[in-house]
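Reading through the structure tokens given below for one structure.
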Amino acid sequence: MTDESAGDDGEQAARTLDALSAERRKKRDVLADQGIDPYPSRFDRTATAAELHQRHDDLEADVRTGEIVRMAGRLTSIRGHGRLSFATLQDVSGSVQLLMQDSVLSEQAKLVLAHFDLGDWVGVEGEAITSRRGELSVDVRELWLLSKALRPLPDKWHGLAETDTRYRQREIDLLANPESRRVFDIRFRTIAALRRQLVSEDFIEVDTPILQPQAGGALARPFKTHSNALDIDLNLRIAPELYLKRLVIGGYERVFEMARNFRNEGIDTRHSPEYTGLEAYRAFGDVNDGMDLTERLVLEAARSATGRLNFTIGGRAIDLTPPWPRRQLLDWLEELVGRRLHPTDPVEDVRTVCESHGVPFLPEWGSGKLIFELYDSILLPTVVDPVFVCGFPVEVSPLARHSEDDPTLADRFELAIDGKEFTNGYSELNIPEEQQERFRGEAEAAAHGDLEAHPADQAFVRALEYGLPPTSGIGVGVDRLVMLLAEVEAIRDVILFPIMRPEATG
RNA sequence: GCGCCUCUAGCUCAACGGCAGAGCAACGGACUCUUAAUCCGCAGGUUCCGGGUUCAAAUCCCGGGGGGCGCACCA
């Protein structure tokens with residue numbers, strides 16, 4: 001082919017890959033020249049691999065069923081024996097062995113077989129049989145190319161290992177690494193289970209704005225964008241919370257939304273700038289109903305996606321068996337630091353506790369925020385099995401109702417598992433004046449440079465003035481739940497196409 | 001943002017100052033019951049990029065890039 005033509009530096013890097021691709025392209029073109037369409041528009045399948053196994057896995061060796069099936073999938077391996085070849089056909093449900101005998105194949109099938117490569121999509125027609133070794137196979141008589149793989153697949157045994165490529169080209173990861181398929185199967189089953197459970201409890205699925213003039217509903221830094229038509233700056237939402245509560249005000253007593261939130265913050269094994277959040281709001285409920293609902297949702301997801309309640313992540317065993325303990329944050333912290341803390345404590349006192357436990361803090365933080373930091377730094381990491389931590393300072397809960405018996409504490413919980421927050425929920429603050437007051441406090445924090453202060457949302461306050469019934473709300477980190485159920489440690493392993501720097505262009 | 005690790009054939013990995021190699025995939029050939037098929041043969045490289053040290057650099061040093069992990073902030 002091309003000789004080493006010096007100076008042609010741009011095209012030399014991919015020379016060997018080009019050669020492999022050219023080989024495959026050539027085979028495709030040979031078939032086309034023989035009148036075989038290498039990209040047919042459709043194919044009728046009569047069985048998937050799983051269906052075939054279900055029907056025939058109990059057969060003895062060397063049996064012919066007489067059943068003619070048409071199957072389709074990707075060819076992932078071939079074992080040639082001269083005029084007899086075995087191959088593996090992989091479809092969405094699993095894989096099945098193909099038996100291809102010269103004496104059985106049609107002329108066209110032989111031609112296709114002679115020009116196929118690992119990775120090609122093919123359709124086959126043949127009799128379901130078992131081989132002499134007893135493996136269920138299709139004794140192929142007709143073989144169609146459905147689409148050519150012009151690039152070679154990763155090593156069939158070792159798969160694809162480089163994380164960079166696995167994330168950037170997830171399609172290769174999925175087709176080459178069964179482990180990756182397993183993880184995402186669990187993800188999709190988890191999402192389906194959460195949705196099914198909520199719908200069965202009469203929650204209505206809604207969709208609220210992602211483009212928001214003000215990014216509210218959580219304490220986080222947003223991504224900024226711009227509307228050309230309106231000539232205004234917009235934010236990608238950090239949470240749907242405020243809009244969902246407005247729907248409750250509007251009369252939808254049970255609503256949920258499961259969709260992407262965006263937070264312009266650090267990326268690590270448990271944080272992704274775009275992640276899937278589930279928020280559910282239920283009129284006439286309180287914080288305890290939120291915990292009950294959370295427990296039902298997580299257990300149903302675990303049961304439905306994995307059939308198990310016991311998991312192991314990084315060597316740590318986690319047991320989801322209910323009921324999960326509900327502990328007061330201040331009680332627990334008292335055990336850990338040896339003294340009773342309270343949001344009304346002088347800030348100097350709480351700072352001292354932080355210092356003695358190596359918890360860094362900023363001068364503008366009040367006692368409530370400091371207590372929350374202690375929770376985050378010294379309590380949360382000790383959690384293994386699920387536990388509901390209840391009673392967070394109002395100072396760090398601008399949208400939560402204050403407790404009946406302590407106005408500085410919110411009726412709020414977090415579900416902690418394996419050192420991570422999985423769910424945050426509370427009795428919703430529905431007193432307009434108090435909400436207005438909380439927003440004022442946040443505005444003050446913003447004025448002092450807090451980039452994550454909650455912006456005052458007057459449309460939300462106005463909505464509250466029409467009356468929000470007593471309401472229980474929860475927010476679930478769906479990706480983290482999937483991480484637990486799939487037993488993986490990196491959030492990127494449960495996100496199909498995690499955000500990456502753009503690939504360098506030559 | 002700071003620290004540590006990593007980048008070699010399409011894929012998985014060796015070589016760690018002295019000729020850049022193996023397995024799989026590819027290519028040519030043998031083989032009608034294999035399943036990581038086997039056997040014979042043959043090819044395949046800007047060792048992430050740029051500079052430096054050296055008789056000699058994939059290897060050591062400096063700078064840059066991609067990725068991972070840890071620390072700090074958020075879920």
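In what follows, chains are A, B, ... by sequence order, proteins preceding strands, each numbered from 1.
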E162(A) CD to rG66(B) P, in whole Å, measures 14 Å

Quickly work out the D117(A) CG to rC24(B) C1' distance and round it to whole Å. 15 Å

In whole Å, measure the gap between the C1' atoms of rU47(B) and rA58(B) for me. 4 Å

What integer distance in Å separates R270(A):CZ from rA75(B):P? 13 Å

Is the backbone N or O of A109(A) less than 3.5 Å from a side-chain atom of S106(A), with the two atoms forming a donor-acceptor pair by type? yes

Winner on side-chain proximity to R168(A), out of rG67(B), rU12(B), rC33(B), is rG67(B)

Under 4.0 Å, counting only non-hydrogen atoms across every strand here, what does E135(A) touch: a base, just sugar-phosphate, or nothing? base

Would you mind reading off the distance between D102(A) atom CG and rU32(B) atom P, rounded to a whole angstrom? 9 Å

Applying the Watson-Crick and G-U wobble criteria at under 3.5 Å, what pairs with rG3(B)? Answer none if nothing qualifies. rC69(B)

If you apply the rule side chain to side chain donor-acceptor pair (under 3.5 Å), what do you find for Y281(A) with E279(A), and how did you get there? CA-CA 7 Å; Y281(A) 293 83; E279(A) 290 196 16; 2.7 Å; yes

Of the listed nucleotides rA26(B), rA36(B), rC33(B), the one nearest the side chain of Q101(A): rC33(B)

If you take all heavy atoms of R237(A) and A259(A), which pair is closest and at what distance? NH2-CB, 3.0 Å

Using atom P of each nucleotide, how far apart are rA22(B) and rC39(B) to the nearest Å? 16 Å

I want to verify a distance call: between rA26(B), rC33(B), rG23(B), whose nearest atom is closest to the F86(A) side chain? rC33(B)

Using a 4.0 Å cut-off on heavy atoms, which residues in residues 414-426 of chain A reach RNA chain B? List them by number, or say none. E421(A)

At less than 3.5 Å, do the side-chain atoms of S77(A) and the base atoms of rU35(B) form a donor-acceptor pair? no

Atom pair distance, as rounded to whole Å: CG in L105(A) and C1' in rU32(B): 12 Å

Kindly say if T269(A) contacts the phosphate of rG70(B), meaning a side-chain N or O under 4.0 Å from OP1 or OP2. yes

Applying a 3.5 Å limit to both distances, which nucleotide forms a Watson-Crick or G-U wobble pair with rU53(B)? none

When the distance from CG of N264(A) to P of rA75(B) is rounded to whole Å, what number comes out? 15 Å

Picking from K26(A), K148(A), R74(A), R25(A), what satisfies salt bridge (Lys or Arg N to Asp or Glu O under 4.0 Å) with D117(A)? K148(A)

rA26(B) phosphate, OP1 or OP2, under 4.0 Å from K156(A) side-chain N/O: no

How would you label the contact of R263(A) with the nucleic acid (heavy atoms, under 4.0 Å): base, sugar-phosphate, or nothing? base

Under 4.0 Å between any heavy atoms, over every strand shown, what does G475(A) touch: base, sugar-phosphate, or nothing? Just pick one. nothing

Take the protein atom CD1 of I495(A) and the nucleotide atom C1' of rA75(B), then report the distance between them rounded to whole Å. 12 Å

Quick check for you: among rC33(B), rA26(B), rG66(B), whose closest atom lies nearest to any side-chain atom of D164(A)? rG66(B)

Scanning all shown strands, the Watson-Crick or wobble mate of rC13(B) with both distances under 3.5 Å is rG21(B)

Distance-only donor-acceptor test (3.5 Å): side chain D268(A), base rG70(B): no

Over all strands shown, is K27(A) touching base, sugar-phosphate only, or nothing at heavy-atom distances under 4.0 angstrom? sugar-phosphate

Cation-aromatic face contact R326(A)/F388(A), 6.0 Å, 45 degrees: yes

P atoms of rC74(B) and rU6(B), separation to the nearest Å: 32 Å

What interatomic distance, in whole Å, is found between P of rU59(B) and the corresponding atom of rU54(B)? 16 Å

rG67(B) and rU35(B), which share atom name P, separated by this distance in whole Å: 41 Å

Does K369(A) place a side-chain N or O at less than 4.0 Å from the phosphate oxygens OP1/OP2 of rC73(B)? no

Whichever of P152(A) and S131(A) has its nearest RNA chain B nucleotide further upstream toward 5': P152(A)

With a 4.0 Å cut-off on heavy atoms, is D155(A) in touch with a base, just the backbone sugar-phosphate, or nothing at all? base

Checking rC74(B), rC33(B), rC27(B) against the side chain of L84(A) (C-beta onward), the nearest is rC33(B)

Rounded to whole Å, the CG-C1' distance (L17(A) to rU46(B)) equals 15 Å

Base, sugar-phosphate or nothing for T163(A)? Non-hydrogen atoms, less than 4.0 Å. sugar-phosphate

Under 4.0 Å, counting only non-hydrogen atoms across every strand here, what does R480(A) touch: a base, just sugar-phosphate, or nothing? base

Considering all heavy atoms of both residues, which atom of W324(A) and which atom of L299(A) are nearest to each other, and what is their separation? CZ2-CD2, 3.8 Å

Are V92(A) and R181(A) side-chain neighbours, meaning at least one heavy-atom pair lies under 4.5 Å? yes

So which heavy atom on P360(A) is nearest to which on W365(A), and how close? O-CZ3, 3.8 Å

Given the C1' atoms of rG23(B) and rU32(B), what is the spacing between them in whole Å? 27 Å

Paired with rU38(B): which nucleotide, if any, by Watson-Crick or G-U wobble criteria at under 3.5 Å for both distances? rA30(B)

Heavy-atom closest contact (A218(A) atom, R263(A) atom, distance): CB-NH2, 3.2 Å

Comparing nearest nucleotides in RNA chain B, the 5'-proximal residue of the pair L219(A), F116(A) is F116(A)

Say we look at rG17(B) and rG70(B): how far apart would their C1' atoms be, to the nearest angstrom? 32 Å

What interatomic distance, in whole Å, is found between C1' of rG65(B) and the corresponding atom of rG18(B)? 30 Å

What about the rings of F392(A) and Y375(A), do their centers lie closer together than 6.0 Å? yes

Please work out if S103(A) contacts a base, only the sugar-phosphate, or nothing of the nucleic acid, heavy-atom cut-off 4.0 Å. base

Residue H271(A), side-chain atoms from C-beta onward, closest of rC74(B), rA25(B), rG67(B): rC74(B)

Geometric cation-pi criterion, R170(A) with F497(A): 6.0 Å, 45°: no

To the side chain of L160(A), which of rA25(B), rC74(B), rC11(B) is closest? rC11(B)

Do other residues, nucleotides or ligands put more than 12 heavy atoms under 6.0 Å from R182(A) CZ? yes

Looking across every strand, which nucleic acid part, if any, lies under 4.0 Å from E373(A) by heavy atom: base, sugar-phosphate, or nothing? sugar-phosphate

Phosphate-side-chain proximity, R79(A) and rU38(B), N/O vs OP1/OP2 below 4.0 Å: no

